[in-house]
Amino acid sequence: MSWFREKLYTHVQQAFEIKRELHKGRTPFQAVTVFENPMLGRVLTLDGICQTTEADEFVYHEMMTHVPILAHGRATRVLIVGGGDGGILRETLRHRRVKRAVMVEIDGEVVELCRRHLPSLSAGAFEDRRAELVVGDGAQFMASTDERFDVMIIDSTDPMGPGEVLFRDAFYRNCKRCLKADGIVVTQNGVPFFQREEFFSTGRARAKLFGHSGFYFAAVPTYYGGHMAMGWASPGRDITAVSLATLKRRFAAARLKTRYYNPEMHLAAFARPNYLKSAKG
Ligand code: SAM
């Protein structure tokens, strides 16, 4: 029996049995493996870190997508940075009001491998005429585009390797530049129990730049170490002020069939444990 051992942290690891290996190799940006596990289904890892699994991807992709889009209420133009597996793009395009979804992914080989080995994640989203895939660095795109977006979803790897630039102040400044005044950006912000510095430093950076910012949380089983944080920010909108009644109305109108997201979970996700309360934003 062989095992995948995730070495994201120095003194603790998680391990998944590899029942069948489907791909193992390197792209110009990172090491990529795809394998099957009896409990998780197919698993994607990049540089030895679990990115997504068929079994629990719905938690992360629903919460990273429906919280900002339903909090916004009228989003038509969405930008996704990263998201190579296609899960965020799939969830974004379920909103009929979205007219354009641009996905900027640095590694085209990850997209191809996921379309081949993890097709349920994108589920045809790349063929949707509203979608545009740009293969390139998200930081460079954000620094140069003259498009403006209602919602931005930064679905990146952790702040190492190609993902590191997506956690810098300069990137957040450019996010603000490309957001409409009532736009919302959300970011994959790690597991604060183990990635405390990332949590606090990115919170400070966004609080300095945006009128409103904060975090919400979801329990993603294979992002181990407790709740996963999702950072959010907006120049002009406090997304925690959207009422349950409004969310229920928007959720019903969107006619989404979800497995994790619902308006009550949306609102509850903003509650913060005491050990994280002192974080800015
Ligand atoms: N849900 C996962 C998580 O929370 O860690 C992330 C999944 S997704 C596979 C992460 C994607 O970010 C990868 O496909 C990677 O290639 C992409 N990525 C990393 N750095 C990037 C950059 N600078 N610009 C665009 N995409 C980037």
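Counting convention: from 1, in listed order, for ligands and their atoms alike. Position 1 is the first residue of the sequence, and the numbers go up from there.
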| Quick check: does His61 get an N/O under 3.5 Å from an N/O on ligand 1? | no
| query | Considering only the protein, which heavy-atom contact is closest to atom 27 (C) of ligand 1, and what is its distance? | reply | Ile106 CG2, 3.6 Å
| said: Test of understanding: given a 4.0 Å heavy-atom threshold, classify the contact between Val111 and ligand 1 as side chain, backbone, both, or neither. | reply: neither
| request: Taking the six-membered ring for Trp and the single ring otherwise, decide whether the centroids of Tyr261 and Phe58 are under 6.0 Å apart. | output: no
| task | Give the C-alpha distance, both sets of side-chain angles, the deciding distance and a yes or no for side chain to side chain donor-acceptor pair (under 3.5 Å) between Arg20 and Asn37. | result | CA-CA 7 Å; Arg20 184 160 76 101; Asn37 170 277; over 6 Å; no
| Element-labelled atoms of ligand 1 that are located less than 4.0 Å from some non-hydrogen atom of Asp85 | 7 (C), 8 (S), 9 (C)
| request: Mark up the atoms of ligand 1 that fall under 4.0 Å of a heavy atom belonging to Val104, in ascending order. | output: 25 (C), 26 (N)
| task | Just jot down the ligand 1 atoms closer than 4.0 angstrom to any heavy atom of Asp107, in number order. | result | 16 (O)
| field | Under 3.5 Å: donor-acceptor pair, side chain of Thr53, backbone of Ala55 | value | yes
| Which atoms of ligand 1 are found less than 4.0 Å from any heavy atom of Tyr60? | 1 (N), 4 (O)
| field | ligand 1 atoms in contact with Gly84 (distance to a heavy atom under 4.0 Å) | value | 8 (S), 14 (O)
| said: For ligand 1 and Asp155, I'd like to know whether there is a polar contact (N/O to N/O, distance under 3.5 Å). | reply: yes
| query | Would a distance-only check, ignoring hydrogens and angles, find a side-chain to backbone donor-acceptor pair under 3.5 Å from Gln13 to Glu6? | reply | no
| field | ligand 1 atoms in contact with Val165 (distance to a heavy atom under 4.0 Å) | value | 23 (N)
| said: Using the ring centroid of each side chain, check whether Tyr9 and Phe193 are separated by less than 6.0 Å. | reply: no
| field | Gly163 N/O to ligand 1 N/O under 3.5 Å | value | yes
| task | Identify the protein heavy atom lying closest to atom 4 (O) of ligand 1, giving its residue, its atom name and the separation to 0.1 Å. | result | Gln188 CG, 3.0 Å
| Counting only heavy atoms, which portion of Thr52 has something under 4.0 Å from ligand 1: side chain, backbone, both, or neither? | neither
| Where ligand 1 meets Val110 - atom numbers and elements under 4.0 angstrom, heavy-atom basis | 14 (O)
| task | Check each atom of ligand 1 against the heavy atoms of Asp137 and keep those under 4.0 Å away; list them by number with element. | result | 22 (C), 23 (N), 24 (N)
| query | Tell me: protein heavy atom nearest atom 1 (N) of ligand 1, and distance? | reply | Tyr223 OH, 2.8 Å
| Given Glu112 and Arg116, is the salt bridge (charged side-chain N to carboxylate O under 4.0 Å, His left out) satisfied, shown in steps? | CA-CA 6 Å; Glu112 285 322 306; Arg116 190 178 330 140; over 6 Å; no
| message | Just to check, does Gly136 reach to within less than 4.0 Å of ligand 1 when the distance is taken from its heavy atoms? | response | yes
| query | So, are Arg204 and Glu197 salt-bridged, with charged N and O less than 4.0 Å apart? | reply | yes
| request: Could you check atom 16 (O) of ligand 1 against the protein and tell me its nearest heavy-atom contact, residue, atom and distance included? | output: Glu105 OE2, 2.6 Å
| query | Looking at Pro235 and Leu179, what are the two nearest heavy atoms and their distance? | reply | CD-CD1, 3.9 Å
| request: Using a cut-off of 6.0 Å, state whether more than 12 heavy atoms not belonging to Arg129 lie near its atom CZ. | output: no
| query | Do Pro162 and ligand 1 have an N or O pair less than 3.5 Å apart? | reply | yes
| request: Could you check atom 19 (C) of ligand 1 against the protein and tell me its nearest heavy-atom contact, residue, atom and distance included? | output: Thr157 OG1, 3.2 Å
| note | heavy-atom search around atom 7 (C) of ligand 1 in the protein gives Gln51 OE1, 3.4 Å
| query | ligand 1 and Gly138, any nitrogen or oxygen pair closer than 3.5 angstrom? | reply | yes
| said: Evaluate Gln30 for polar contact with ligand 1, using N/O atom pairs at a separation under 3.5 Å. | reply: yes
| said: Any atom of ligand 1 sitting under 4.0 Å from a heavy atom of Gly83? | reply: yes
| message | Hydrophobic clusters here meaning ILVMFWY residues chained together by side-chain heavy-atom distances under 4.5 Å, can you tell me if Phe215 and Met63 are in one? | response | yes
| Which atom of Gly84 lies closest to which atom of Cys114, heavy atoms considered | O-CB, 4.1 Å
| With Asp150, the salt bridge (Lys or Arg N to Asp or Glu O under 4.0 Å) member among Arg77, Lys180, Lys99, Arg74 | Lys180
| said: In the structure I gave you, are the side-chain heavy atoms of Arg148 and Arg177 within less than 4.5 Å of one another anywhere? | reply: yes
| Checking His95 side chain against Arg97 main chain: does a donor-acceptor pair fall under 3.5 Å? | no
